[in-house]
Amino acid sequence: MARIAGVNIPTEKRIEIALRYIHGIGPAKSAQICKALNLKDGLRAKDLTDEDVVKISSYIEQNFRSKVMSAAKLQ
C-alpha cells in the first residue's frame, strides 16, 4: 500500500480516484496531479513505482503544501 502525504491510499483504485483519499485533494486537483506527472489513464495505485510515489508526494508538497501537508501532520 502506497503512503502519500501521510495517507495510505487504496491499492485497487485508479490513481486518480485513490488520490482523493488525501485530505484536500478532490477531483480537480487529482486530475491536475495526474496530468502534470503524465500518469497513464487507468493506472492503479498498486501499479505505481516507488519513483511515481516520490514524484506524487513531491508534487503535492510543492503545489498544495498549505492544506494537504498540514492535514498530514495532524495524523
Side-chain angles (χ1 to χ4, degrees):
M1 184 174 274
R3 187 166 180 86
I4 299 174
V7 176
N8 290 328
I9 60 171
T11 55
E12 294 299 322
K13 302 236 181 239
R14 290 182 297 124
I15 189 61
E16 190 170 319
I17 303 299
L19 289 174
R20 297 180 195 179
Y21 281 72
I22 301 170
H23 180 75
I25 303 289
K29 287 183 181 175
S30 178
Q32 178 185 348
I33 293 166
C34 291
K35 184 177 179 182
L37 299 177
N38 295 320
L39 299 174
K40 293 184 280 184
D41 288 337
L43 180 69
R44 301 265 174 194
K46 66 181 179 182
D47 298 327
L48 289 173
T49 64
D50 290 337
E51 185 179 312
D52 291 334
V53 173
V54 170
K55 282 185 200 177
I56 293 168
S57 295
S58 297
Y59 187 86
I60 289 172
E61 186 174 332
Q62 291 172 0
N63 295 286
F64 311 118
R65 185 177 195 167
S66 59
K67 290 183 182 179
V68 175
M69 297 313 288
S70 64
K73 289 178 185 175
L74 294 175
Q75 295 178 352

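We're numbering straight along the sequence, starting at 1.
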Under the side-chain contact (heavy atoms from CB on, under 4.5 Å) criterion, do Thr49 and Val54 qualify, and how do the steps go?
CA-CA 9 Å; Thr49 64; Val54 170; over 6 Å; no
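- In this structure, CG in Asp52 is found 9.0 Å from NZ in Lys40, a value given to the nearest 0.5 Å.
- The heavy-atom pair separating Ala45 from Pro10 by the smallest distance is CB-O, 3.3 Å.
- Side chain of Ser30 to backbone of Glu16: a donor-acceptor contact under 3.5 angstrom is found.
- Around atom CZ of Arg14, no more than 12 heavy atoms belonging to other residues, nucleotides or ligands sit under 6.0 Å away.
- To the nearest 0.5 Å, atom CD1 of residue Ile33 and atom CG of residue Leu19 are 5.0 Å apart.
- In terms of modelled atom types and a separation under 3.5 Å, the side chain of Asp47 and the main chain of Leu43 share no donor-acceptor contact.
- The two residues Arg3 and Ser57 come nearest to each other via the heavy atoms O-OG, 4.5 Å.
- Here the closest non-hydrogen pair linking Ala2 and Thr11 is N-CG2, 4.5 Å.
- By the 4.5 Å heavy-atom criterion applied to side chains, Asp41 and Cys34 are not counted as neighbours.
- Clustering ILVMFWY residues whenever any of their side-chain heavy atoms sit less than 4.5 angstrom apart, transitively, puts Ile4 in the very cluster that holds Leu37.
- Interatomic distance, NZ of Lys13 versus CZ of Arg20, reported as 10.5 Å (0.5 Å rounding).
- A salt bridge does not link Arg44 to Glu12: none of the charged nitrogens lies less than 4.0 Å from a carboxylate oxygen.
- Tyr59 contributes atom OH, which lies 4.0 Å from atom CD of Gln32 (distance to the nearest 0.5 angstrom).
- Nearest heavy atoms, Val7 versus Tyr21: CG1-O, 3.8 Å.
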What verdict does the side-chain contact (heavy atoms from CB on, under 4.5 Å) test give for Leu48 and Ile56, after you've listed the backbone C-alpha separation in whole Å, the side-chain angles of each residue and the deciding distance to 0.1 Å?
CA-CA 10 Å; Leu48 289 173; Ile56 293 168; 4.2 Å; yes
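- In terms of hydrophobic clustering, with Ile, Leu, Val, Met, Phe, Trp and Tyr side chains grouped at heavy-atom distances under 4.5 Å, Val53 and Ile17 are assigned to different clusters.
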